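If you're wondering where the values come from, they're calculated on a predicted model, not measured in any experiment.
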Amino acid sequence: MTESTDQYELNTADMSLDELRAEIEEIDRELVQLIARRTYVADTIARVKDQEGLPTTDEAQEARVMDRAGENADRFDVDSNLVKAIFRLLIELNKVEQRENR
């Protein structure tokens with residue numbers, strides 16, 4: 001069972017082009033804020049890994065993240081390949097930052 005985007009369609013059906021663009025602008029700001037939050041938590045994880053002598057890369061954890069991304073994409077009826085590609089970029093960004101900070 002998927003969570004449909006119908007709830008969003010109902011809220012945006014009567015909006016003007018400018019209102020819709022303003023809505024996209026707000027969503028984009030929220031996305032960047034969430035990426036910043038995720039990056040902060042990933043940096044904290046990197047410090048813990050360093051303290052515990054753990055490697056930067058954890059393939060099992062990466063697989064779990066990708067599985068969750070796919071499940072969430074399906075749940076919200078969004079293209080799973082696109083969502084997974086975005087998460088691959090986020091994971092790589094975090095790994096690069098972790099390596100640079102060690």
- prompt: Which pairs count as salt bridge (Lys or Arg N to Asp or Glu O under 4.0 Å) when at least one residue sits in residues 30-46, sequence neighbours excluded?
  reply: none
message: Applying side-chain hydrogen bond (donor to acceptor under 3.5 Å, both in side chains), can you list everything that pairs with R47, at least two apart in sequence or on another chain?
response: T44
statement: The side-chain contact (heavy atoms from CB on, under 4.5 Å) partners of E59 (sequence neighbours excluded) come to T57
message: Which residues pass the side-chain hydrogen bond (donor to acceptor under 3.5 Å, both in side chains) test with E19, not counting sequence neighbours?
response: S16
- prompt: Sequence neighbours excluded, which residues qualify as salt bridge (Lys or Arg N to Asp or Glu O under 4.0 Å) partners of E26?
  reply: R29
Counterpart residues, side-chain contact (heavy atoms from CB on, under 4.5 Å), relative to I27 (two or more places apart): E23, L31
query: Taking the hydrophobic residues Ile, Leu, Val, Met, Phe, Trp and Tyr, and joining any pair whose side-chain heavy atoms are under 4.5 Å apart, which ones share a cluster with M15?
result: L20
Taking distance alone, no hydrogens or angles, what donor-acceptor pairs closer than 3.5 Å link side-chain atoms of residues 79-92 to residues at least two apart or in another chain?
from : atom 1 : to  : atom 2 : distance (Å)
D79  : OD1    : N81 : N      : 3.0
D79  : OD1    : L82 : N      : 2.7
E92  : OE2    : K95 : NZ     : 3.2

Nearest-0.5 Å distance, OG1 of residue T39 to CG of residue N94: 5.0 Å
query: Who else is in I45's hydrophobic cluster (ILVMFWY, side-chain heavy atoms under 4.5 Å, direct or via others)?
result: Y40, V41
- request: Report the residues that fulfil side-chain hydrogen bond (donor to acceptor under 3.5 Å, both in side chains) with Q61, sequence neighbours left out, ordered by chain and then residue number.
  value: R64
